[in-house]
Amino acid sequence: MQNKSIAQMAAELRLRTYSSVELTRHYLERIARLDRRLNSFISVASESALAAAERADRAIASGDAGPLAGIPIAHKDIFCTAGIKTSCGSRMLDNFVAPYDATVVERLAAAGAVVLGKTNMDEFAMGSSNETSYYGPVHNPWDADRVPGGSSGGSAAAVAARLCAAATGTDTGGSIRQPAALCGITGIKPTYGRCSRWGMIAFASSLDQAGVLARSAADAACLLDEMAGFDPRDSTSADVDVPDYVDALDDDIAGLRIGLPKEYFGEGLDPRVAASVQDAIKEYERLGAKVKEISLPNSPLSVPVYYVVAPAECSSNLARFDGVRYGHRCENPKDLEDLYKRSRAEGFGAEVQRRVMIGTYVLSAGYYDAYYLKAQKIRHLIADDFTRAFEDVDVIMGPTAPTTAFELGAKMDDPVAMYLNDIYTIATNLAGLPGMSIPVEPVDGLPVGLQIIGNYFQEARLLNVAHRFQHVTHWHQGAPSGFE
Ligand code: GLN
């Protein structure tokens, strides 16, 4: 059952080949049996999942079921869920149960999806390896000694290991695409503002965007159809029509103009990853696409710019975790200052503390112009590079990450080496553009991702371009051994 597409599952639920209760039990059993090896879930919500599955079965029987009725999914533990703990991977929120659902959660529930549980993640979505979680690292299902990528590593590992049909994720600098690449699945980060951020715990508000991790572009389209759209509760939500993503999947791609940024194929890229990405691009040429080299001259500045902008925004967003209103509170505070200091020192891990300190520094009087304002200016130049590129090409392609999954612990002592994992994904967030990662030919049994970047609100095109590739290749179908 776990290898079927979402469309197949939906059809079989309607044919009563199996019920949603049976399908949900099947996934819960897989989680109980297999997740010990992965640690991809922080919370499993068996009772509420089975209750939702029963409701879905009744809705299907009465003929008024939503498009995702009875499909078991998981949410990254950054989305608020009424009644299920929302930890954001942090000790700070280990005791937090939100009183409401995030918009994305609400919309998927309204479409009938069943929530199996909440997935592990880097603390407050800060990381590229899922090793900063308070709940311990997630293991890559393709090789348990390696990282799944981050910060949506729990979602990526759970989907790759077929512990849920699909999962939500968030991407601030690459956190959907990079773990999708390292786990051999399909991930899409929509345009900034396409999916509501309401109820999604904020890391860097001008960069954060919700999206999907799934086994195929077709499956991702099924979820995005429900998640995308204007939300008056999020002031940065885009009031732009949402096309039907599933409808556009099969559109012809003959004549598609693909741009290959020369900056994405230079130093630092593992040559075997490069070869696999180049082979995928040749496949696109066989499908009728035209390839052209382009330049994104300011893209080498994207990592340094991001590590000014993201920490600045995080230092401000995370100020709300003060031990007073909710979250972790230290024992026996001497006075208010002691309460703040100790609650935050105990509640936040090392990476979060590092970011809060960097952010506070770059925003402080005397340094604001030199760092924050300067970074914002370069951010504009990076976005302008894309605007210029999209005058000549329809999509931009390149590697998602410079290497395949690395070993657990390999980069934990070197934050800069860790930050460089996102060298190809961060510029997209700085510009607010949509990006995807799809699996291409593995290297030494480890997955490799092809990144596809589109112009603003071109999610339908991205999913279409990804789907046509998946129609003629089988890389997205491979299951890690032991999880078939
Ligand atoms: N790896 C990047 C970081 O650590 C991006 C994380 C993300 O996209 N949430 O900030």
Side-chain angles (χ1 to χ4, degrees), residues 75-79 88-90 119-133 137-138 147-156 167-183 187-190 192 195 197 200-213 302-315 317-318 348-359 362 375 379 400-403 405-406 410-412 414-437 449 451 453:
H75 287 300
K76 183 177 183 180
D77 209 17
I78 197 167
F79 292 96
C88 220
S90 182
T119 56
N120 204 343
M121 54 179 286
D122 278 301
E123 187 177 11
F124 285 99
M126 299 173 197
S128 303
S129 66
N130 225 294
E131 292 168 290
T132 71
S133 169
V138 176
V147 305
S151 64
S152 311
S155 287
T168 54
T170 61
D171 191 313
T172 303
S175 280
I176 289 175
R177 291 159 287 158
Q178 187 256 11
L182 272 43
C183 289
I188 179 161
K189 173 205 107 69
Y192 180 76
C195 295
R197 290 188 298 113
M200 193 175 107
I201 295 173
F203 161 14
S205 307
S206 75
L207 301 161
D208 298 342
Q209 178 55 205
V212 190
L213 295 108
S302 58
V303 171
V305 165
Y306 175 89
Y307 280 98
V308 172
V309 173
E313 294 183 15
C314 106
S315 74
N317 274 323
L318 269 55
F348 291 143
E351 184 61 24
V352 172
Q353 295 193 23
R354 172 156 43 233
R355 306 266 182 125
V356 168
M357 284 192 281
I358 296 171
V362 300
R379 182 177 182 176
T400 305
T403 64
F406 46 92
K411 301 189 183 182
M412 278 309 267
D414 186 350
V416 175
M418 187 71 92
Y419 297 169
L420 286 171
N421 270 291
D422 300 311
I423 182 116
Y424 307 129
T425 48
I426 277 179
T428 316
N429 300 76
L430 291 168
L433 292 164
M436 262 191 102
S437 180
Q451 186 176 205
I453 302 167

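Since the structure is predicted, the reported quantities are computational estimates derived from the model, not experimental observations. Numbering of ligands and ligand atoms starts at 1, following listing order. Throughout, residue positions are numbered sequentially from 1 according to the sequence presented.
- Contacts between Asp422 and ligand 1, counted as non-hydrogen atom pairs separated by less than 4.0 Å, involve the side chain only.
- Inclusion of Lys76 in the set of residues having an N or O under 3.5 Å from an N or O of ligand 1 is not warranted.
- Put simply, the side chain of Cys88 reaches to within 4.5 Å of the side chain of Ile78, judged on heavy atoms.
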Audit row: Phe79, Thr168, side-chain contact (heavy atoms from CB on, under 4.5 Å) steps and yes/no: CA-CA 9 Å; Phe79 292 96; Thr168 54; 3.4 Å; yes
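- Among all heavy-atom pairs drawn from Gly154 and Asn130, the shortest one is N-ND2, 3.2 Å.
- Taking all atoms of both residues into account, the shortest heavy-atom contact from Asp122 to Ser128 is OD2-N, 3.5 Å.
- A parallel orientation is assigned to the rings of Tyr307 and Tyr419, their planes being inclined by less than 30° (bins at 30° and 60°).
- Under 4.0 Å from ligand 1, the heavy atoms of Ser151 that appear belong solely to its side chain.
- Checked against a 3.5 angstrom limit, the closest N/O atoms of Thr172 and ligand 1 fall inside it.
- Contact annotation for Lys189 and ligand 1: no heavy atom of the residue comes within less than 4.0 Å of the ligand.
- For the residue pair Glu123 and Thr132, no side-chain donor N or O sits within less than 3.5 Å of a side-chain acceptor on the partner.
- Using a 4.0 angstrom heavy-atom cutoff, Gly127 counts as in contact with ligand 1.
- Contact analysis puts Tyr306 in contact with ligand 1, with a non-hydrogen atom separation below 4.0 angstrom.
- Residue Gly173 has at least one nitrogen or oxygen atom sitting less than 3.5 Å from a nitrogen or oxygen atom of ligand 1, judged on distance alone.
- Of the listed options Tyr419, Tyr307, Phe203, Phe124, Tyr307 places a heavy atom closest to atom 3 (C) of ligand 1.
- Where the criterion is an N or O separation shorter than 3.5 Å, residue side chain and backbone included, Met126 fails it with respect to ligand 1.
- Atom 6 (C) of ligand 1 has Ser175 OG, 2.9 Å as its closest protein atom, hydrogens excluded (heavy atom only).
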Worked verdict on Arg379 versus Val308 for side-chain contact (heavy atoms from CB on, under 4.5 Å): CA-CA 11 Å; Arg379 182 177 182 176; Val308 172; over 6 Å; no
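- If you number the atoms of ligand 1 from 1 as listed, the ones under 4.0 Å from a heavy atom of Ala125 come out as 6 (C), 7 (C), 9 (N).
- For Lys76, the side-chain hydrogen bond (donor to acceptor under 3.5 Å, both in side chains) test picks out Ser151, Ser152, Thr170, with sequence neighbours left out.
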